[in-house]
Amino acid sequence: MSEVGAEERLWNLVRGALATRSLAIAAELGVPDALSGGPQPVADLARESSADADALRRVLRALASEGVFIEHAPGVFGNTDASELLRAGSGWGEFAVLFGGVWLRTVAELDASGDPAFPRMYGTDFWSWLAQHPDDRARFDLAMGQGSEARIERLNAIAWRGDETIVDVGGGNGSLLAEFLKVQPGMRGIVFDLPETVRDESIFGDRLEFVGGSFFERVPTGDAYLLATILHDWDDETAASILRTIRAAAPPEARLVILDAVVPPGNEPFGPKWLDLLMLALLAGRERDEAQWRALLDAGGFKPVRFGERLIEARCRS
Ligand SMILES: C[S@@+](CC[C@H](N)C(=O)[O-])C[C@H]1O[C@@H](n2cnc3c(N)ncnc32)[C@H](O)[C@@H]1O
């Protein structure tokens with residue numbers, strides 16, 4: 001395996017914002033969808049999206065150098081597996097637009113003061129801002145769906161009884177729980193989130209319901225509670241208060257499943273080490289290591305029973 005030199009290593013990091021923004025431009029202009037039927041000249045893509053052909057070619061050429069799009073002939077671009085994932089509605093396209101838009105602007109103001117940049121810039125917290133921007137709320141709810149296959153695999157590895165009612169606390173538009181219930185036909189589900197989430201109501205029915213509310217006030221009663229990328233959004237004190245709300249509603253034998261990262265020690269690459277900084281910029285949230293998770297669970301009234309790399313199981317502490 002070839003060693004990356006010191007200068008190349010720095011260059012690959014320093015240019016990161018350009019890649020982030022380029023992905024957003026391509027997704028915003030609908031290029032991945034336009035190429036779904038086959039390669040097209042950039043002049044046609046530019047005409048369809050009212051973009052400048054030269055600027056768009058340069059954006060696509062840079063992305064193609066990383067395997068997102070491919071330039072088949074000069075000025076003729078096609079999709080790759082990676083750019084195909086960016087098609088609208090897939091979750092990745094919406095994720096790219098958020099990352100290269102409102103999040104990139106926020107990250108530009110990230111500093112080491114420990115205070116989140118978002119409220120400083122927008123005068124409100126991220127969730128209230130989303131409530132005021134329904135298009136971004138819808139984009140966010142779709143974006144959270146990316147990576148759901150791996151998350152369902154993790155959930156399936158748990159020794160379920162098979163007839164539980166699962167409450168997905170902060171379950172967004174409900175897509176994760178809806179998919180999970182397909183492979184667990186004896187279970188029922190409750191998606192609990194802020195009322196303004198943008199949902200496809202057709203996924204709700206006999207076995208799955210949506211309950212609107214705030215997890216700082218109350219959550220529904222169930223046999224198991226799922227917290228999927230929720231606690232990393234909040235500082236320790238606030239995260240503990242979410243756990244305490246669940247603890248107050250949970251029967252003593254309830255199971256708590258947390259889908260969040262457990263940051264390992266050492267210098268190995270691990271995506272959540274970067275996501276941690278987005279949490280810091282947006283929300284004053286954080287990714288946690290095992291010791292931090294143990295302390296948080298204890299403060300919230302739970303005891304851990306299993307730590308995976310991206311899944312924690314816990315039970316009510318007596
Ligand atoms: C990072 S998203 C995770 C969504 C979903 N669990 C997933 O993993 O796809 C965090 C979720 O917490 C919800 N949320 C934020 N504040 C909340 C509150 N006070 N009560 C209930 N849900 C809240 C947001 O609306 C959002 O859907």
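When a ligand or atom number is given, it counts from 1 through the structure's own listing order. Worth saying up front: this structure is predicted, and the values here are computed from it rather than measured. Heavy atoms only: backbone and side chains are in, while hydrogens, waters and symmetry mates are out.
- Interface atoms of ligand 1 facing W234, defined by a heavy-atom separation under 4.0 Å, are 16 (N).
- Relative orientation of the W234 and F215 rings is perpendicular, given thresholds of 30° and 60° on the angle between their planes.
- The single protein non-hydrogen atom nearest to atom 27 (O) of ligand 1 is D193 OD2, 2.7 Å, given as residue, atom name and distance.
- Considering only heavy atoms from C-beta on, D193 comes within 4.5 Å of F210 through its side chain.
- Not a single heavy atom of S175 sits less than 4.0 Å from an atom of ligand 1.
- Within the 4.5 Å cutoff, the side chain of I166 has no heavy atoms near those of the L155 side chain.
- Heavy-atom proximity to G213, at under 4.0 Å, picks out these atoms of ligand 1: 20 (N), 21 (C).
- Among the candidates R139, Q132, H133, the single residue satisfying the side chain to side chain donor-acceptor pair (under 3.5 Å) test with D136 is R139.
- We find the NE2-CZ distance between H72 and F77 to be 10.0 Å, quoted to the nearest 0.5 Å.
- Between F126 and F118, a ring centre-to-centre spacing shorter than 6.0 Å is recorded.
- In terms of protein heavy-atom proximity, atom 22 (N) of ligand 1 is closest to F215 CE2, 3.2 Å.
- Proximity to G172 (heavy-atom distance under 4.0 Å) selects the following atoms of ligand 1: 27 (O).
- Here the heavy atom of the protein found nearest to atom 10 (C) of ligand 1 is D233 OD2, 3.4 Å.
- Set against the non-hydrogen atoms of L194, the atoms of ligand 1 under 4.0 Å away are 14 (N), 15 (C), 16 (N), 17 (C), 18 (C), 19 (N), 20 (N), 21 (C), 22 (N), 23 (C), 25 (O).
- Distance from atom 1 (C) of ligand 1 to its nearest protein heavy atom, with residue and atom name: T229 O, 3.2 Å.
- Counting heavy atoms under 4.0 Å from ligand 1, residue F126 does not touch it at all.
- Listed by number with element, the atoms of ligand 1 under 4.0 angstrom from any heavy atom of F216 are 19 (N).
- Separating the CD1 atom in I258 from the CG atom in L296 is a distance of 7.0 Å, to the nearest 0.5 Å.
- In this structure, atom 9 (O) of ligand 1 lies nearest to the protein heavy atom R151 NH2, 2.9 Å.
- Within 6.0 Å of the CG atom in D111, the count of heavy atoms belonging to other residues, nucleotides or ligands exceeds 12.
- Closest to atom 4 (C) of ligand 1 among all protein heavy atoms lies G170 O, 3.3 Å.
- With respect to the salt-bridge test (charged N to carboxylate O, under 4.0 angstrom), the residues D298 and R294 do not qualify.
- Of the heavy atoms in I230, only side-chain atoms (C-beta onward) come closer than 4.0 Å to ligand 1.
- We find that K273 and E287 are not joined by a salt bridge, their nearest charged nitrogen and carboxylate oxygen being 4.0 Å or further apart.
- Protein heavy atom nearest atom 19 (N) of ligand 1, with residue, atom name and distance: S214 OG, 3.1 Å.
- Atoms of ligand 1 lying under 4.0 Å from at least one heavy atom of A228, given by number and element, are 3 (C), 5 (C), 6 (N), 7 (C), 8 (O).
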Intermediate values then yes/no, ring-ring contact (aromatic ring centres under 6.0 Å, His included), F140 and W129: CA-CA 12 Å; F140 178 84; W129 183 87; 10.0 Å; no

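- Contacts between R137 and ligand 1, counted as non-hydrogen atom pairs separated by less than 4.0 Å, involve the side chain only.
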